[in-house]
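Just so you know, these numbers use all the heavy atoms, side chains as well, and skip hydrogens, waters and symmetry mates.
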Amino acid sequence: MTIRIGKASYWHVHAWDYTRQAQEHPDTEITAVWDENEQRGREAAEQQGVPYYAKLDEMLANPEIDAVIVDAPTDRHEEIITAAANAGKHIFTEKVLAPTVQEAEQILKVIERNQVKLTVSLPRLNDGYTLAIQEILKQGLLGQITYVRVRLSHNGAIAGWLPEHFYNLQQCAGGALIDLGCHPMYLTRLFLDQEITGVSANFGYITGKEVEDNAVVSLYTASGAIGVVEAGFVNSHSPFSIEVHGTEGTLMYGTPDETLRIRSNRDQLGEAWHERPTGSDRESAFEQWVQHIQKDTQADENVSIALELTRLMEAANRSAKEGRVVQPEQLGE
């Protein structure tokens with residue numbers, strides 16, 4: 001059966017990307033649109049030839065809608081996602097799940113109570129380089145991990161192509177870190193593969209917006225391993241890059257080309273750097289969501305990583321505001 005999807009807002013810059021994924025997937029279709037901005041919503045609905053709903057609850061009450069894609073302002077995620085879950089709709093949402101752990105945990109309680117399928121878009125978990133790095137770490141070629149650094153930046157704030165509402169602190173719950181920095185954050189946590197005991201963040205305001213446009217976060221662990229997360233809206237020609245260092249070796253990706261290189265004392269080629277294949281990407285988060293709906297399975301790993309991402313983001317925002325190291329395990333209930 002075709003999964004009929006209601007689109008909940010076109011606020012996010014990736015909203016049309018997810019619309020295209022739904023249009024191109026053989027088992028899904030967009031059948032309705034709601035948007036907190038009526039003009040934007042009506043234009044999106046007209047472009048697709050589907051009804052526009054001025055009220056979210058009216059769209060969610062439609063029994064012919066099976067699921068929703070949420071691309072609304074981040075500060076409205078709890079309201080919209082819990083309403084969709086209570087209406088029995090499956091949910092695919094842009095990151096972050098919510099601005100705070102308390103809100104994220106409330107969302108997950110409602111999801112569990114209503115037994116609907118939730119998947120959060122964390123796309124770089126499924127990229128070939130991520131899977132290849134995880135395999136290298138699994139093989140122990142780097143020894144004990146001591147340092148992970150992941151950077152992702154663009155020039156949106158100085159080139160003028162980022163939507164103005166992405167600088168709205170209330171709607172976004174942050175700037176460069178909570179938007180772009182989400183990806184380095186969940187990747188750094190993934191490659192460290194350790195509980196984070198402390199978070200220290202520093203924000204920069206190059207363009208004078210009310211949200212940060214330059215950010216660096218340090219993640220601390222009980223073992224002494226350190227993670228560094230970097231993101232910015234004010235950096236031209238800054239390549240996406242990954243470094244993972246250990247007691248027996250180092251790997252690097254994207255410095256600056258999209259090549260994975262490793263040097264390891266536990267590898268027969270340890271005397272020199274050599275390339276490793278990155279392989280194919282895994283199914284996208286959207287495709288995984290569709291499969292969970294069809295097969296009646298749960299996106300347990302995705303949801304767990306999404307909750308941890310919210311915890312680390314909230315800790316980073318608090319650290320930058322208060323000028324101290326924050327212990328993320330103290331957030332939430």
State the [atom1]-[atom2] distance between [X] and [Y], to the nearest 0.5 angstrom.
X      : Y      : atom1 : atom2 : answer
Leu260 : Ile242 : CG    : CD1   : 8.5 Å
Ile5   : His90  : CD1   : NE2   : 10.5 Å
Gln106 : His77  : CD    : NE2   : 16.0 Å
Leu187 : Leu309 : CG    : CG    : 10.0 Å
Thr255 : Arg261 : OG1   : CZ    : 6.0 Å
Gln288 : Phe92  : CD    : CZ    : 9.0 Å

Any donor-acceptor pair under 3.5 Å linking the side chain of [X] with the backbone of [Y]?
X      : Y      : result
Thr247 : Gln144 : yes
Thr28  : Ala22  : yes
Asp66  : Arg4   : yes
Glu314 : Val101 : yes
Asp179 : Gly175 : no
Asp267 : Leu141 : no
Arg149 : Glu230 : no
Asp281 : Gly128 : yes
Ser319 : Val326 : no
Asn114 : Val116 : no

**OP:** Show the numbers, then the answer: is there a side-chain contact (heavy atoms from CB on, under 4.5 Å) between Leu219 and Met185?
**Re:** CA-CA 9 Å; Leu219 307 178; Met185 184 70 83; 4.0 Å; yes
**OP:** Only one of Leu97, Leu331, Val229, Ile178 passes side-chain contact (heavy atoms from CB on, under 4.5 Å) with Met313; say which it is.
**Re:** Ile178
Shared ILVMFWY cluster between [X] and [Y], side chains joined below 4.5 angstrom?
X      : Y      : answer
Ile111 : Ile293 : no
Ile196 : Leu307 : yes
Tyr253 : Leu190 : yes
Val211 : Val234 : no

Indicate whether the side chain of [X] and that of [Y] have a donor and an acceptor atom separated by less than 3.5 Å.
X      : Y      : answer
Gln139 : Glu135 : yes
Ser223 : Gln194 : yes
Gln39  : Glu43  : yes
Glu36  : Ser9   : yes

Counting only heavy atoms not in [X], do more than 12 fall under 6.0 Å of its [atom1]?
X      : atom1 : value
Glu64  : CD    : no
Glu112 : CD    : no
Glu301 : CD    : no
Glu258 : CD    : no

Give me the atom names and distance for the closest heavy-atom approach of [X] to [Y].
X      : Y      : answer
Ile91  : Ala85  : CD1-N, 3.8 Å
Thr221 : Ala225 : OG1-O, 2.8 Å
Trp34  : Lys55  : CD1-C, 3.6 Å
Glu103 : Asp75  : OE2-O, 4.5 Å
Ala176 : Gly232 : CB-CA, 3.8 Å
Lys7   : Ala15  : CE-O, 3.6 Å

Original post:
Are side-chain heavy atoms of Arg318 and Lys321 found at a separation under 4.5 Å?
Top reply: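 Side-chain contact under 4.5 Å: no.
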Subject >> CA sep, side-chain torsions, deciding dist, call: Tyr147, Val228, side-chain contact (heavy atoms from CB on, under 4.5 Å) >> reply: CA-CA 8 Å; Tyr147 190 89; Val228 176; 3.3 Å; yes
**OP:** Among Phe233, Trp161, Trp11, find the one that has a ring pair (Phe, Tyr, Trp, His ring centres under 6.0 Å) with Phe166.
**Re:**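 Among Phe233, Trp161, Trp11, the one that satisfies the ring pair (Phe, Tyr, Trp, His ring centres under 6.0 Å) with Phe166 is Trp11.
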Original post:
Any salt bridge (charged side-chain N to carboxylate O under 4.0 Å, His left out) pairs touching residues 190-215, not counting sequence neighbours?
Top reply: Glu164-Lys209
Original post:
Pairs in or reaching into residues 117-132: which pass salt bridge (charged side-chain N to carboxylate O under 4.0 Å, His left out), with residues at least two apart or in two chains?
Top reply: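 Matches after skipping sequence neighbours: Lys117-Asp296.
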Subject >> Tyr18 ring center near Phe286 ring center (under 6.0 Å) >> reply: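 No, the ring of Tyr18 stays outside the 6.0 Å limit from the ring of Phe286, centre to centre.
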